[in-house]
Structure formats: structure tokens, C-alpha cells
Novice: 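First the structure, then my questions, so here it is.
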Amino acid sequence: MAQQAWMYLDLNDGAGWRPLNDRSRDIAALDSLSIQWGTDNCFDQPDPAVLSFRLYDRSGSLAGKAALLAGAKVCVTCSSDPMYFELKDDTRAYKDMGDIRLRDLHNQVHYAPPEHMSFTQFTIFNGIVTTGGTVRHHKGDAWILHLSATGISVLWKRLQSQGPTSSDRRLDGYHWTGTPADRLAEMNRRAKTVGAPVADATGLILPPSLAPYSDDFPSQLDLLHRMFAYSGRAPLWYETYEATATTLSYVMAGDLAQRTLDPLMHVHVGDGVTSHEVLDGAVVETSDPVEFDLPEPYTQVVIHGHSVSLKDNHFEFGDTETVQGDRDTLPAGLDATQKSASVSTDAIVSPVGVSPYDPWQPTAVQRAQIAQLLLTIDTRLRPRSIVFDSRHLAPFDYPYLFRAQPAMFLAFTSTIADRLHDMDGLPAIEGAWSLLGGTLTYDWHHGEPRFRHEATLWPHARADVTDPPTYADMAPVSATYEQVPDYLDIRELQTINSIMKETP
């Protein structure tokens, strides 16, 4: 039996989570759902994910309660292949199982509420039911509800009120004053108050200062993105899940990817902390015939920030920008069709600041990183269609491919485009990718549950091999020549940044 989706509903009525897979109950989820999430551009902060689903209301007990549905919590999980200990009544002998067929044993599985999730499940989506939808009469007393739910970070978008003010008379008329650390702490405090997830900025470098607001009242999600958007690492904020708990976490869409070898000579891509083994192109669905999009070239990134001045003992903040280009890494002909990518930040980016508003200016390392990002965007072919299907990739073996959240990093081998070489002589599709968005669907196909994830991929540059591994570094390698994967050739070895000491 294949792995399947499990849905739970909490109506905030004190009854807790209701399992929706049990057809014997009055309220049950129908057999399909769809989740749209993410972005196709590393310069745009994505909106929260949106789940579309249907409920079967046998008696009409829920269909008329629109106010009860609005704001209800929804959790969707994926199970591993069902195990015997998860049967509703695992004390029965086989002879007492009646006429249940082996192929239908999965229908006897009962999972605990998601807050007590076991190791046999992982969360795909957490959210709250939004207003709208339809209620359609089915037959008799039964109704079908067509509903949608939005990721719980939508509460960050709804938090759109005045920020803290200052007793400093020079800041009269401004709000969201204070240091960057103060702003982040206040946003998290307000988020906790309304039950929204907390933003985890661990590892991010705060800007030296942030301009306050006067007449504008942006959402907290916009404030969060603008706080760190000055970075050449292109941070984007997404929900990450642990059972029913959600955290607002970031990914760095502009980071470099490292390639490592494990002791079995399998290639992995990662950032030095998290890594994934490369995927065989044969298990990934593409269009037929295969098509790739030629990238629309960008030649510079314009960071729209703020300037600061002090006039008549009162701070004034204006708009300014800093431009970062390709540092002559792109072909000269692209300059004639110059196209800019734009990001907005609340950071002070003018060359000169006024205490305590110190300015940020890009370092040589940050400019080089932007140049590398532009080169990667402009030179990597992108699959027009790429799908991860649970019939070829078991979700519990590859959970990062079947969630409504980013997966970093991915790489593919043995693709039809391997023979298409880029300017550097390497395959134009080779390298690392991150999963930044897509449409994740679930349905039943020929009697079997099926997940399909139509993925939106974003390219990442490879980290330079500045300290190539030596033969001595290969001491942990235990693979024989016959065990070395077919995709690993001598050329590939020159792209390896390090060798793992243990197999992950």
C-alpha cells in the first residue's frame, strides 16, 4: 500500500483535532487536495501557501456554520507505509479480522491526532480555513464543502498596524523606530499574541540600522523580508512544520552549493549543514518532448533602500538605491539589453549615515556573490516542467520533495540535457537547485494514493573548489570501483568540495 495523505480539522470549539480520513464519521475529507505555494523568483517574497480541499458532510451538521469554519485549523500529513501496530485494534487475531482483504488493511489504520504525531508521519501543510468557498447539496442530508486554507503565516500579513514609536523628539511622526533587533523582537511578540508562528532569524546578520515609517503601515511579513533583503544571499521566508507547530524560517536563494562525496562515492549537494543525494533523472517526470526555458538575463541587482539626514533637529528619511552588477562575468552583448532585478529594503544604504542610523554598503565579497548569482540566473537552462511523483519517489524516503516548503539543495544526474554544455564546458543543467515553489496535489490513481509535485526550481551556483580533496581525504571511502555510481566520472571529481567521513 502506498503512502497516503491524512487530514485533520480543529474547529476551535474545544473538541481538538478531528481526523477526516475516516468515512464512518459525519465529516470526512474527499479523496483529493491541492496546495499552491512559493515563488519562481528569488527577489520576491512569496505569499503563504494555499490548500484547496473538499469535505463531505453526511448530516449537514457543519455545512451551515460558516462562522465556525472561518479560522478553523487544518493539518495535512503524509504517512509511511502503514504498519501493523497502527491498526485500530491491534489485539485481534488474524482469524478475527473478518473478510478484510490484505490490500484494504490500510483502511484499518488509525493515526493519533497530529500533535502526537509518530515517526511514521510528517507534516505537509498547516494552515487556517479562509473565508469563501462553496457549499453544494449532494443528496439527502449530505453536503459537499469546497474550502481553502492558507498557511498560518497569513497572520503575519494581517498584522498591519502602527509600530513602536520613540521618545526621541527627532523621530516625532515616525513609527517602527528602534534597532533592527528591537523590530524583530517586537514582530515576534505580536505574532505570538495572535497565535502566529515566530520568525527564526538564527544565523542572519542584522543590518546596521533600519529606516522607520511615517504614513505607511506595511504588513509584518513585508517588514520581515525588507529587513534582510539588503543581503546578496536573497533570503526568503517560508513556513516549516513540525507536527502541528509552524515556524517562519528562511532560505538563502542566493547561496552557493557545495558538492560532497560520501564513503560510497555518491554525490551530495548542500550548504555544509544540510545535504541531499543527487537524484537520478530517470525517476523525475518532465515534459515529452523535454523542453527547457532559456533564462531571461539580468545584468544587475538594484537594492532600493533609504538615506537619512538631520534637518532642524529632525530626522528625514529618503529613498535611494545601490546597484550591484555582474563584474564583467557576463558576455558583453548582454549590456545592450540591460535588465535589472529589484529588491526593497528598509536598510539605510546611502554612503553616509547619521548616528544612530549607520549605513550599509556592500562589501567586495557581497558584490562578488551578486555577480555569481547573476551569472547563474543567466546561464542555467531550466526545465519547463518537472514533477516529483510518489509512484517513482516514495514520499517517506524523500519527504523534502513532498512538502509545501523549500528544499535545498537538489541536483540531477543522467538527464537528456547532460550533453548541452555551458560556457564553462559543464552541462547547462548541471549544478544545484532549490525547490522554491510549486503545486502539490494528492489524489487516487487506479486505486492507489498518489502525490504529484509540479516543482518550481531555482538555480544555485557551485561553490568554488578552493581546497580540492586529496587522496588522503579519501580514506573514509569504502566503495570498490564496481560500486561507484555510473554518473560519477573523472570530470565530476574536480567539482567535489569535500568528502564525508560517514555515510549520512
Side-chain angles (χ1 to χ4, degrees), residues 41-42 231-236 251-262 265-281 284 292-295 297-298 301 324 326-331 341 364-383 386 400 406-415 417-436 455-470 473-474 484-485 487-500 504:
N41 191 319
C42 79
S231 168
R233 299 173 66 190
L236 299 173
V251 295
M252 291 300 195
D255 269 7
L256 304 178
Q258 300 178 19
R259 296 168 71 84
T260 58
L261 277 181
D262 68 22
M265 296 292 279
H266 294 175
V267 178
H268 299 248
V269 287
D271 57 4
V273 178
T274 302
S275 67
H276 296 127
E277 186 175 344
V278 297
L279 292 169
D280 187 339
V284 177
F292 295 93
D293 285 326
L294 297 174
Y298 290 101
V301 175
Q324 301 185 56
D326 66 294
R327 297 170 69 96
D328 298 324
T329 59
L330 296 175
V365 171
Q366 289 168 327
R367 289 188 179 277
Q369 189 164 13
I370 286 290
Q372 185 65 58
L373 175 61
L374 290 169
L375 179 64
T376 303
I377 293 172
D378 292 355
T379 57
R380 292 278 293 283
L381 294 180
R382 302 183 200 178
I386 187 164
Y400 52 92
M408 297 176 65
F409 292 95
L410 308 177
F412 306 94
T413 65
S414 306
T415 72
D418 284 352
R419 295 185 297 274
L420 301 178
H421 287 181
D422 193 5
M423 296 182 301
D424 56 7
L426 297 174
I429 192 177
E430 187 181 84
W433 303 83
S434 57
L435 175 58
L436 287 188
T456 300
L457 299 183
W458 183 259
H460 290 260
R462 288 186 296 263
D464 292 334
V465 183
T466 56
D467 187 16
T470 65
D473 295 319
M474 298 189 71
V484 175
Y487 63 76
L488 186 64
D489 55 25
I490 299 298
R491 177 192 60 80
E492 188 87 25
L493 289 175
Q494 67 182 331
T495 70
I496 299 301
N497 296 90
S498 62
I499 297 176
M500 301 178 185

Novice: Would you compute the distance between atom CG of L330 and atom OH of Y298 and round it to the nearest 0.5 angstrom?
Specialist: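 So the CG of L330 and the OH of Y298 are separated by 13.5 Å.
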Novice: If every non-hydrogen atom of A432 is compared with every non-hydrogen atom of A257, which pair is closest and at what distance?
Specialist: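 What the structure gives for the nearest pair is CB-CB, 3.3 Å.
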Novice: Nearest 0.5 angstrom please: L373 CG to D378 CG, how far?
Specialist: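 These two atoms lie 9.0 Å from each other.
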Novice: So, taking the atom named CD1 in I377 and the one named CG in D326, what distance separates them when rounded to the nearest 0.5 Å?
Specialist: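 That separation rounds to 11.5 Å.
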Novice: For the atom pair CG (L256) and CZ (R233), what is the distance rounded to the nearest 0.5 Å?
Specialist: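 Answer for the CG-CZ pair, L256 versus R233, is 9.5 Å.
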Novice: How far apart are the closest heavy atoms of T260 and M500, and which atoms are they?
Specialist: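 Between these two residues, the closest heavy atoms are OG1-CE, 3.2 Å.
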Novice: How about V301 and L374: do any of their side-chain heavy atoms sit closer than 4.5 Å?
Specialist: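 Contact flag for V301/L374 side chains = yes.
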Novice: If every non-hydrogen atom of L410 is compared with every non-hydrogen atom of L435, which pair is closest and at what distance?
Specialist: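 What the structure gives for the nearest pair is CD1-CB, 4.2 Å.
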Novice: Taking all atoms of both residues into account, what is the closest heavy-atom pair of L236 and A253, and its distance?
Specialist: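 Distance-wise, the nearest heavy atoms are CD1-CB, 4.3 Å.
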Novice: Describe, in one word, how the ring planes of F409 and H460 are oriented to each other, choosing from parallel (under 30°), tilted (30 to 60°) and perpendicular (over 60°).
Specialist: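 Because their plane-to-plane angle is over 60°, the rings of F409 and H460 count as perpendicular.
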Novice: Working to the nearest 0.5 Å, report the span between CG of L493 and CG of L488.
Specialist: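 The CG atom of L488 is 5.0 Å from CG of L493, to the nearest 0.5 Å.
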Novice: Could you walk me through whether Y487 and D280 pass the side chain to side chain contact (heavy atoms under 4.5 Å, CB included) test, one step at a time?
Specialist: CA-CA 9 Å; Y487 63 76; D280 187 339; over 6 Å; no
Novice: So which atom in D271 and which in V273 form the shortest heavy-atom distance, rounded to 0.1 Å?
Specialist: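 Scanning both residues, the minimum pair turns out to be OD1-N, 2.9 Å.
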Novice: Heavy atoms only: give me the nearest Q366-Q324 pair and the separation to one decimal.
Specialist: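 Heavy-atom minimum between the residues: O-OE1, 3.7 Å.
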Novice: Return the CE to NE2 distance between M408 and H276, rounded to the nearest 0.5 Å.
Specialist: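 The distance works out to 10.5 Å.
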Novice: For the residue pair P469 and I496, establish whether any side-chain heavy-atom pair is separated by less than 4.5 Å.
Specialist: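 P469 vs I496: side chains touch.
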Novice: Is it possible for you to check whether R380 lies under 6.0 Å from the centre of the six-membered ring of W433, through NZ or CZ, and within 45° of that ring's axis?
Specialist: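 Yes - R380 lies over the ring of W433, closer than 6.0 Å to its centre and within 45° of its axis.
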Novice: Test side chain to side chain contact (heavy atoms under 4.5 Å, CB included) on L294 and L381 and set out the steps.
Specialist: CA-CA 6 Å; L294 297 174; L381 294 180; 3.5 Å; yes
Novice: Test side chain to side chain contact (heavy atoms under 4.5 Å, CB included) on T413 and L279; report intermediate values, then the result.
Specialist: CA-CA 6 Å; T413 65; L279 292 169; over 6 Å; no
